[in-house]
Amino acid sequence: RYSFTGRGLRSGIIGGWGRKATSQKARQIAASSGLPFVCIEDGFLRSNHKFSQPVSLIFDRQGIYFDSTAASDIEHQICKPLSKAQQTRTANLIQQWRKAGVSKYNYLPDYNTKIAQKYVLVIDQIAGDASLLYGQVSPNSFNHMIEQALSENPDHLIIIKPHPDKFLGPQKGMIDL
């Protein structure tokens with residue numbers, strides 16, 4: 001928490017949301033105040049609806065997971081070996097999430113029809129999402145991804161999965177369907 005008062009800034013840590021301009025301003029305030037900065041972003045379990053409060057958040061002191069231009073806490077954690085107890089806990093959690101059908105976006109129905117033929121799943125993203133810029137992706141990257149899927153898998157069905165937010169409004173995906 002932080003607050004501005006007539007006497008200046010009072011806090012122990014300053015946070016900002018993702019890579020937004022307001023977050024960059026918060027980072028500058030933290031640096032000029034000699035306070036640590038933490039980047040905040042939606043966690044991997046988002047919510048039951050886009051406009052609901054998130055059920056998990058990421059707090060990262062180094063960067064943020066979708067920014068390929070800078071290190072992040074999560075990539076350092078992934079590199080560390082897990083203890084036996086952590087491996088067991090992780091396996092149990094994965095099993096529970098699968099059983100419960102938990103995902104980042106839980107507000108759309110699951111696709112329950114069995115696909116008989118071999119297929120390749122191509123994932124779309126909302127145009128303008130920060131993960132595109134900081135993931136160093138261009139609009140041509142999506143065209144290239146589809147071309148590769150087709151050329152490397154000529155006997156497969158190509159399934160394009162739109163981003164869930166595309167179903168909630170006028171957002172446009174990177175793949176024009």
Distance-only donor-acceptor pairs under 3.5 Å for side chains of residues 142-151, two or more places apart:
residue, atom, partner, partner atom, Å
Gln148, NE2, Glu152, OE2, 2.6
Ser151, OG, Glu147, O, 3.2
Ser151, OG, Gln148, O, 3.4

### Message
Under a 3.5 Å distance rule, please check whether Ser32 uses its side chain to pair with a backbone N or O of Gln28 as donor and acceptor.
### Response
yes
### Query
How many angstroms lie between CG in Asp155 and OH in Tyr119, if you round to the nearest 0.5 Å?
14.5 Å
### Query
Can you find a pair of side-chain heavy atoms, one from Asn153 and one from Lys118, that are under 4.5 Å apart?
no
### Message
Any heavy-atom pair between the side chains of Ile58 and Tyr65 that's under 4.5 Å?
### Response
yes
### Message
Can you confirm whether Gln24 sits close enough to Arg27 that some side-chain heavy atom of one is under 4.5 Å from a side-chain heavy atom of the other?
### Response
yes
### Task
Determine the minimum heavy-atom distance between Pro36 and Arg61, stating which atoms define it.
CB-NH1, 3.8 Å
#### Entry: Residue pair Asn140, Ser138: steps toward the side-chain hydrogen bond (donor to acceptor under 3.5 Å, both in side chains) verdict
CA-CA 5 Å; Asn140 193 44; Ser138 73; 5.2 Å; no
### Donor-acceptor pair, side chain of Ser68 and main chain of Tyr134, under 3.5 angstrom
yes
### Query
Are the side chain of Asp60 and the backbone of Gly63 linked by a donor-acceptor contact shorter than 3.5 Å?
yes
### Query
Out of curiosity, Asn112 CG to Lys114 NZ, how far, rounded to the nearest 0.5 Å?
12.5 Å
### Query
Taking 4.0 angstrom as the limit, do Lys161 and Asp124 come out as a salt bridge?
no
### Task
Measure the shortest side-chain to side-chain distance between Val122 and Ile158 over non-hydrogen atoms and say whether it is less than 4.5 angstrom.
yes
### Task
Take atom CD of Gln117 as the centre, draw a 6.0 Å sphere, and report whether it contains more than 12 heavy atoms from other residues, nucleotides or ligands.
yes
### Message
Rounded at 0.5 Å granularity, tell me how far CG in Leu82 sits from OG1 in Thr88.
### Response
10.0 Å
### Message
Are the side chains of Phe59 and Glu41 in contact, using a 4.5 Å heavy-atom criterion?
### Response
no
#### Entry: Any Leu133 side-chain heavy atom under 4.5 Å of Phe66 side chain
no
## Note on the structure
Looking only at heavy atoms, the pair that brings Ile64 and Arg19 closest together is N-NH2, 3.8 Å
### Task
Please assess Thr69 against Gln136 for the test side-chain hydrogen bond (donor to acceptor under 3.5 Å, both in side chains), listing each intermediate value before the final yes or no.
CA-CA 8 Å; Thr69 67; Gln136 302 180 57; 5.7 Å; no
### Message
Distance check, rounded to the nearest 0.5 Å: Leu132 atom CG versus Ser141 atom OG?
### Response
8.5 Å
### Task
Verify side-chain contact (heavy atoms from CB on, under 4.5 Å) between Val120 and Ile159, making sure each step is shown before the conclusion.
CA-CA 6 Å; Val120 174; Ile159 297 175; over 6 Å; no
### Gap separating the CD atom of Gln125 from the CD atom of Gln171, nearest 0.5 angstrom
10.5 Å
### Message
Quick check: do Leu57 and Trp17 have side-chain heavy atoms less than 4.5 Å from each other?
### Response
yes
### Task
Report yes or no: does Gln86 contribute a side-chain atom to a donor-acceptor pair with the main-chain N or O of Ser83 at less than 3.5 Å?
yes
### Message
Do Ile126 and Met174 make a side-chain contact, defined as non-hydrogen atoms from C-beta onward lying under 4.5 Å apart?
### Response
no
### Message
Using every non-hydrogen atom in the two residues, find where Gly18 and Ser23 come nearest and quote the distance to one decimal.
### Response
O-OG, 3.0 Å
### Task
Give the minimum heavy-atom separation between Ala26 and Gly16, together with the two atoms involved.
CB-CA, 4.3 Å
### Message
Evaluate Gln62 against Ser72 for side-chain hydrogen bond (donor to acceptor under 3.5 Å, both in side chains), listing each step before the verdict.
### Response
CA-CA 5 Å; Gln62 293 184 66; Ser72 68; over 6 Å; no
### Query
Would Trp97 and Phe44 show up in the same hydrophobic cluster when neighbours are defined by side-chain heavy atoms closer than 4.5 Å?
no
### Summary
Rounded to the nearest 0.5 angstrom, the CG-NE2 distance for Asp73 and His76 is 7.5 Å
